[in-house]
Amino acid sequence: MSTFNRTTLVKVLEVLDSPNAGEALAAAQLASTMIREAGLSWDDVLARDLESRAVPAPAPAPGSGPFGYRRDRDLSPHEQLFMVLLSPRTPIDVKRRLRSWEARVLDGEITPQETQDLRSLYQDYVVG
């Protein structure tokens with residue numbers, strides 16, 4: 001079970017309002033993954049008393065990745081793209097360039113070189 005970070009979930013859910021359907025879908029999938037990997041249900045998350053049960057964000061556990069994400073699996077390219085776009089450390093010009101990739105990433109149509117570039121951007125701006 002990974003740690004649950006409500007603040008990160010809120011940031012992810014804010015993207016659901018995006019006019020880009022692919023971006024909103026990626027946000028929904030990431031939010032569901034975060035909930036599932038934390039061992040919670042949506043009912044748990046939406047419960048009023050969650051705040052009283054929530055533990056202050058501890059230091060990341062061994063094996064946990066950025067935003068409390070588990071490291072026991074590699075993120076898919078669309079998850080990496082989303083995390084890079086979400087990261088406050090990603091420069092605006094990089095985010096603009098990635099927007100042109102978005103549809104192809106979500107459709108699974110990026111080249112091996114772009115996959116490698118995306119992984120590198122993820123390492124640079126998210127994992128740090």
Flag side-chain contact, heavy atom, 4.5 Å: Thr33 against Glu79: yes

So which heavy atom on Ala27 is nearest to which on Leu16, and how close? CB-CD2, 4.0 Å

Any side-chain heavy atom of Leu81 within less than 4.5 Å of one from Leu98? yes

Is there a path from Leu106 to Leu25 through hydrophobic residues (I, L, V, M, F, W, Y) whose side chains come within less than 4.5 Å of each other? no

Listed by chain and number, what are the side chain to side chain donor-acceptor pair (under 3.5 Å) partners of Thr115, not counting sequence neighbours? none

Counting heavy atoms not belonging to Arg89, are there more than 12 under 6.0 Å from its CZ? yes

Rounded to the nearest 0.5 angstrom, the CG-CG distance for Leu40 and Leu9 is 9.5 Å

Name all residues meeting the salt bridge (Lys or Arg N to Asp or Glu O under 4.0 Å) criterion together with Arg104; count only those two or more places apart in sequence or in a different chain, and write none if there are none. Glu114

Specify the closest pair of heavy atoms between Pro77 and Ile110, including all atoms of both residues, with the distance to one decimal. CB-CD1, 4.0 Å

Just how far is it from atom CG of Leu118 to atom CD of Gln80, taken to the nearest 0.5 Å? 5.0 Å

Nearest 0.5 Å, what's the CZ-OG1 distance between Arg96 and Thr90? 13.0 Å

Under the side chain to side chain donor-acceptor pair (under 3.5 Å) rule, collect the residues that match up with Ser120, sequence neighbours excluded. none

Tell me every residue that passes salt bridge (Lys or Arg N to Asp or Glu O under 4.0 Å) with Glu14, counting only those two or more places apart in sequence or in another chain. none

Tightest non-hydrogen contact, residues Asn5 and Met34, listed as O-CE, 4.2 Å

For Asp117, which residues count as a side chain to side chain donor-acceptor pair (under 3.5 Å) partner, sequence neighbours excluded? Gln113

Please check if the number of heavy atoms outside Asp107 that lie under 6.0 Å from its CG is greater than 12. yes

Pairing residues for Pro91 by the side chain to side chain contact (heavy atoms under 4.5 Å, CB included) criterion, not counting sequence neighbours: Asp93, Val94, Tyr125

First locate atom CZ of Arg119, then atom CG of Leu75, and finally report the distance between them rounded to the nearest 0.5 Å. 10.5 Å

Taking Lys95 for the side chain and Val84 for the main chain, is one N or O donor matched with an acceptor at less than 3.5 Å? no

Out of curiosity, Gln116 CD to Thr111 OG1, how far, rounded to the nearest 0.5 Å? 9.5 Å

Gln29 and Ser32: side-chain donor and acceptor closer than 3.5 Å? no

How many angstroms lie between CD in Glu102 and CZ in Phe82, if you round to the nearest 0.5 Å? 9.5 Å

